[in-house]
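Structure first, commentary second.
Per chain, numbering begins at 1; letters A, B, ... match sequence-line order. Not measured: the values here are computed from a predicted model.
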There are 2 protein chains.
Amino acid sequence: MAGEETRERLLDAAEILFADLGFDGVGLRQIAEQAGEAVSSITYHFTSRDGLIKAVIGRRFLPINDERLRLLRAAEYAADNNTPSLPATLDAFLRPPLMALDKHTAAILPILASSFTNMTQVAESHRGAFREMIEYFLPRIRKHCPQIDNIEFVWRLHFIIGMLVRCLQSMHKTGEDSPDSEQRDALVRQLTHSAQALLSAPHAEDAVPKLVEPIQEIILSILQESADA
Amino acid sequence: MAGEETRERLLDAAEILFADLGFDGVGLRQIAEQAGEAVSSITYHFTSRDGLIKAVIGRRFLPINDERLRLLRAAEYAADNNTPSLPATLDAFLRPPLMALDKHTAAILPILASSFTNMTQVAESHRGAFREMIEYFLPRIRKHCPQIDNIEFVWRLHFIIGMLVRCLQSMHKTGEDSPDSEQRDALVRQLTHSAQALLSAPHAEDAVPKLVEPIQEIILSILQESADA
DNA sequence: GTCTATATGTGGATAGAC
DNA sequence: GTCTATCCACATATAGAC
């Protein structure tokens, strides 16, 4: 099947170009040229430009989510009472996207990270896997910060996602070639440390602003379900 | 001068459309139509599309920075020893962009916020005002977290910027019309509270990853200068 | 499955009348 | 200063030969 190889070449080329120039910064001609294929082969394999983007994203999205779940389950297995510490839990969530970062995936990852509190991007195509992941993680993070209410918790999650996205973008610009894994590991620990401090901070006293985003409802309903169970 | 009015109309139209569709999502034709002007009037007033974008950004950038400086100076005037608390200092930095947020400026603000640790976007055109602002803020934030070294400090600044950007994007999507100022005020306090917790957290123990970004050098040199003085 | 050729639209920028 | 008309490059998508 030469078709499968062509498909992969197209995905590789698209991924690199998207990483450098953004999803809006590159056209099908350029992608096809980079891959050494004809423009129309893209339409053949992915039906449309949107189909190509979805495929590029999906190729990285599922492995990262799987790795997150794998790490968290491993941490639970190793911990007393099956309850790993907050840093260990956060590490399982934050490490996979940062470790997966290389010059190929740099453009994709910020989008994936954002998707945690913004379903619209990854959306439809991979909604199932995404929901499975957050349903597992949310209650396990939540129980480490009982001092705040659900709405404040959701805001702090937003903040952590912002921190993660920032790291991904920063690393993308930083390293021409992929940053060595020692540096990345150090960054994961810095990030985990800060995220832990943020979630451990006391209740803010002040009024908590309500969110009107759809994602808030989803997160709150997941928290509710797990509280009932 | 009817020219000045046209110029403003074009800026208004461009700002709204950019906010809704992103800088890459809208063309000159659409902007001109929205403004009720001819396409070529854009070229006349701003030379090019890039010139228009720069003008749109600049119109919001300077007032927000001025407001930041004004708030911090007011806080210093009111505080003992001219040294306001960390929350008060952070408030002066975080409040102006969040309060300036309305449906017009929503697309612009994340870019402005990012510019704090990424000069490339706002860049050349407004570099002077930007540098003045951070030169004033950096040492005054820095002295509230002596427990960490400069490099770890820079990373935590990155994190805070990520949190801010996240808020701006979230609020943009949230409110069809501009969120009421009570909600925004509550959000500012949540954000300030979390940022304070983050900067107050102890040293991470682990190795701190070095940054290779140009902005790191700039921040470090500013911190160095203020330490010498 | 993969190519060439092309259809059809839209992007930004410009020339020149008024 | 502002308009109409137009240029030219490039976008995505499709048709049809091989």
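Atom CG in A:L10 sits roughly 12 Å away from atom C1' in C:dG1 (whole-Å rounding). Remark: C1' of D:dC10 and CG of A:L21 are 15 Å apart, rounded to the nearest angstrom. As rounded to whole Å, 12 Å separates atom C1' of C:dG11 from atom CD of B:Q30. A:I31 places its CD1 atom 15 Å from the P atom of D:dC10, with the value rounded to the nearest Å. A:E33 places its CD atom 16 Å from the C1' atom of C:dT4, with the value rounded to the nearest Å. The distance from atom CZ of A:R7 to atom P of C:dT2 is 12 Å, rounded to the nearest whole Å. The separation between A:L28 atom CG and C:dG9 atom P is 18 Å, rounded to whole Å. One can place CD of A:E4 at 10 Å from P of C:dT2, the figure rounded to the nearest angstrom.
A heavy atom closer than 4.0 Å to some atom of DNA chain C occurs in A:S40, A:Y44, A:H45, these being the qualifying members of residues 39-50 of chain A.
With sequence neighbours left out, the side-chain contact (heavy atoms from CB on, under 4.5 Å) criterion links B:Q224 to B:D228. Remark: A:R189 engages A:D185, B:D206 in a salt bridge (charged side-chain N to carboxylate O under 4.0 Å, His left out) (not counting sequence neighbours). Every residue was checked against the salt bridge (charged side-chain N to carboxylate O under 4.0 Å, His left out) condition with B:E225, not counting sequence neighbours, and none meets it. With sequence neighbours excluded, no residue forms a salt bridge (charged side-chain N to carboxylate O under 4.0 Å, His left out) with B:E33.
In this structure, A:R140 is not positioned above the aromatic face of A:F93 in the sense of NZ or CZ being under 6.0 Å from the six-membered ring centre and within 45° of the axis.
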Donor-acceptor list for residues 37-52 of chain B side chains, cut-off 3.5 Å, not counting sequence neighbours:
residue : atom : partner : partner atom : Å
B:E37   : OE2  : B:R9    : NE           : 3.0
B:E37   : OE2  : B:R9    : NH2          : 2.8
B:S41   : OG   : B:A38   : O            : 2.5
B:S48   : OG   : B:D50   : N            : 3.3
B:S48   : OG   : B:G51   : N            : 3.2
B:R49   : NH1  : B:F23   : O            : 3.4
B:R49   : NH2  : B:F23   : O            : 2.9
B:R49   : NH2  : B:V26   : O            : 2.5

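Minimum atom distance to the side chain of A:R29 is reached by D:dC10, of the listed D:dA13, D:dT2, D:dC10.
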